[in-house]
Every structure is written in C-alpha cells, then in structure tokens.
Amino acid sequence: MVTIETIETFIVDVPTIRQHVLAMATMRTQAMVFVHVRCSDGVEGIGEGTTIGGLSYGDESPEGIKLTIDRHVAPLLHGSDASPARATMLLRKSIVGNHFAKNAVETALFDAAGKRAGVPVSELLGGRVRDRLPVLWTLASGDTARDIAEAETMIDQRRHKAFKLKIGKRDLVEDVAHVAAIKRALGDQASIRVDVNQAWDEATAKRGVAMLADADVDLIEQPISGANVSGMARLTAMGRTAIMADEGLRGPIDALRHATDAAADVFAVKIAQSGGLRAGAAVAGIAEVAGIGLYGGTMLEGPIGSIASAHLFATFAGLAFGTELFGPLLLAEDLLAEPLDYTEFSLAVPSGPGLGLTLDMEKVRAFRRDGDRRTVISISKAVGA
Ligand code: MUC
Ligand code: MG
C-alpha cells in the first residue's frame, strides 16, 4: 500500500493585474494556500486552497485553511492510504465542513495518483470528453468605460467572448445601467452574464431579474442569499432569464435540495465549495439527472486549483454555460514553468500525468508569505520524471 508521508503547506500572495471589485470585497492580491504531498513511493502531488477576500466570501480564510491542514488533516492522514477515495472517506468521517481545505488536499492526492498511474487527473475522474474548455472573463474594474475597453481587447485577442459582470455593490438602477451600457457596446458578439454574490433581497431581485432580462443578460448568478433556496425557486420560476446557483451549493446535499426545489436553471460547480473533486463530480451528476445546466466555476484560484477544476469540467457531458477558469490570468505572475494555453476563447486542459503542471519554484518562492527560501519542495516532479 502506498501511504501519505508528508503534507506541507504555505501561503503565497500574488498581486492581481488590476483591482477586482465584487459586491463583498475588492481584491488587489490573491492569497493561495499551496499544498504539497509526498507519498511513501516518492511520488509528490500539489493542491491549492483559495478563497476570495479573506472571510468575506466564505467561512474559510487562507490562514484558516493552512491551519486546518497543518493541525488536523496532516496528522490524520499521515501513514494512511494515499488513494484519493480512501483519504476522502477518512476526512469526511473525522472532519466536519472545511471544504476548501479538504479540496486542496484531495487535489494533491489526485495529482500524485495521476503521476503514479501515468495519466492525467481527468482520466482518474472518468475520462475527458473535451480537451479545451470555453472560458469567460469577469469585468470588475469598477468602471464602465474601462470594462468595455477591456472586453473589446479580449474579443480582439480571441481570448474571451463571454463576460461576467460583478454587480450588487451599487444600487439596482445604477447597476442595470452599467450592465446595459456594456451589452449595448458589445452587442451580439458577446454573451453577458452577471453575478450578484447574494447582495440583493428577494424584492430587489424580482425587479433586477426583469430589468436584466430586458437588457439581454443571459445568466444571473446567485442574486439572493444562498440560504434562501425557496426564493431562488421563485426567481427561477419567473422564466425571464437563466438563474444560476453558486454560494448556495456547498456540496451534493445543497445540490439535491436545489434540484428537488427547482431552485436554479444552472449550477456553478466549484471544487473547493463542493468539498473536493469527487464532491464536485457529485454536484454535477445531480444537475445532469435533474436537467440543470452546468457551468464551471472558480474561486479565482491560481494555476493549481484552476487546472484541477479543468480536469473535472473536461469530464462533463454538457457544459452549456462554459467555464470561468480565468484565475491565473488575473494574477500578475502565473507561477508556472510553462504558461497555460488560453487561445481561441478557451483553455487547453493539460495532458501530462497528474495535473500536468510544473510550477516555477523560483517564482513561487518570491511570493511566499513566510519569505521561506528553502528548497523544501520539488513540486510537480514525479518519481523518475
Ligand atoms: C464567484 O462568486 O463566482 C468568479 C469569478 C469572479 O470574478 O469571482 C468569482 C467568484
Ligand atoms: Mg459567483
């Protein structure tokens, strides 16, 4: 039996290329917890635990994710079977919640398992049905003219032709004017979606859904609190434009509730929010059987979390609303030895063993919060590689 020998973590803080304005936080850097697992056969794996705006998006912070892994997950898994399924069972049995931390460790075990078997993680998840994923870009500079210029550049560069606008911070009329101006400027060449990040109450959302539908918005993401599932069902029943659940989906049980209550037309599948790659696959499975559309979501992860998500999303039979795996592009430094392939409005899913990524450890070290310059981790090298 191959066992888990060590699990190490550190935080990297990487500046974003511009401020990213969401309803609940304005980001200027992204903090990512990098996880490194070493197994008894010498195979290593990497994972990532990333959230948005400290504790303003969810109930796990970067510092909390690191502490949970160092103090609870690592001692629990030390010496145990390195198979992702067995480790996940043990984690689920012994640790409540902490989905982001669990996902980071599960990702590292999948990376190691793929390297051991000589196959990409997508093959361990059932096999990919596509090699490239459509990727949208989020316009969130906080300025309408700048957002329009940014979108036009992205379309010209053939990088993105679907855009998500972060709204909910300003009042409804101002927000709708901002969205409508962008839609008017870009016209039919772009799909426009919005993410309210739970900022509206239900009455505002009813008005907002009608106004945004009139402005030709294709998708409205989490307009009200994720806890208000019946409210989401009422907004979905309006039938004006597609309604997507995001923060309300913290794993398969939430997915089942949304499906049985017809509380969304589309699910944003996020591996961290779901509690891991296998939990994310279960959320997607519930959507598929319920006839709910799929969208590949992000916590604005860096390269490791984004590519782990890409391996899962590549296995989805239907991906009607594409993905938002642009996190690495929002970072001023991609931290990779070889850049990801974002061309033709899509991201190529790496085909090498495991996640198929090689980090540039010089760059990673430069952004470590603890300033540790030791060569502790030869990340991404499988045995014999
Ligand atoms: C979210 O709420 O979906 C995804 C894209 C983005 O800009 O923020 C995230 C989080
Ligand atoms: Mg969202």
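Quick caveat: nothing in here was measured; it's all calculated off a predicted structure. One-based numbering, in listed order, for ligands and for the atoms of each.
A salt bridge does not link Glu60 to Lys102: none of the charged side-chain nitrogens sits closer than 4.0 Å to a carboxylate oxygen. Between Glu344 and Arg132, none of the side-chain N atoms (NZ, or NE/NH1/NH2) sits under 4.0 Å from a carboxylate O, so this pair counts as no salt bridge. The pair Asp334-Lys363 meets the salt-bridge criterion, since a charged nitrogen lies less than 4.0 angstrom from a carboxylate oxygen.
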Hey, mind stepping through Asp214 and Val176 against side-chain contact (heavy atoms from CB on, under 4.5 Å) and telling me if it holds? CA-CA 10 Å; Asp214 289 343; Val176 173; over 6 Å; no

Test side-chain contact (heavy atoms from CB on, under 4.5 Å) on Thr343 and Arg158 and set out the steps. CA-CA 7 Å; Thr343 50; Arg158 301 184 68 74; over 6 Å; no

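Annotation: ligand 1 has protein neighbours His20, Leu22, Ile52, Tyr57, Thr138, Lys164, Lys166, Asp195, Asn197, Glu221, Asp246, Lys270, Thr298, Leu300, Glu324, Phe326, each with a heavy atom less than 4.0 angstrom from the ligand.
Listed by chain and residue number, the protein N/O/S atoms under 2.8 Å of the Mg ion (ligand 2) are Asp195 OD2, Glu221 OE2, Asp246 OD2, with waters left out.
Side-chain polar atoms of Thr204 and Asp201 form a donor-acceptor pair below 3.5 angstrom.
Under a hydrophobic clustering in which Ile, Leu, Val, Met, Phe, Trp and Tyr are joined whenever their side-chain heavy atoms come within less than 4.5 Å, directly or via other members, Ile95 and Phe100 fall into the same cluster. With hydrophobic clusters built from ILVMFWY side chains whose heavy atoms lie under 4.5 angstrom apart, Phe345 does not share a cluster with Leu329.
Paired with Glu333 under the rule side-chain contact (heavy atoms from CB on, under 4.5 Å), one option of Leu331, Leu336, Leu335 passes, and it is Leu335.
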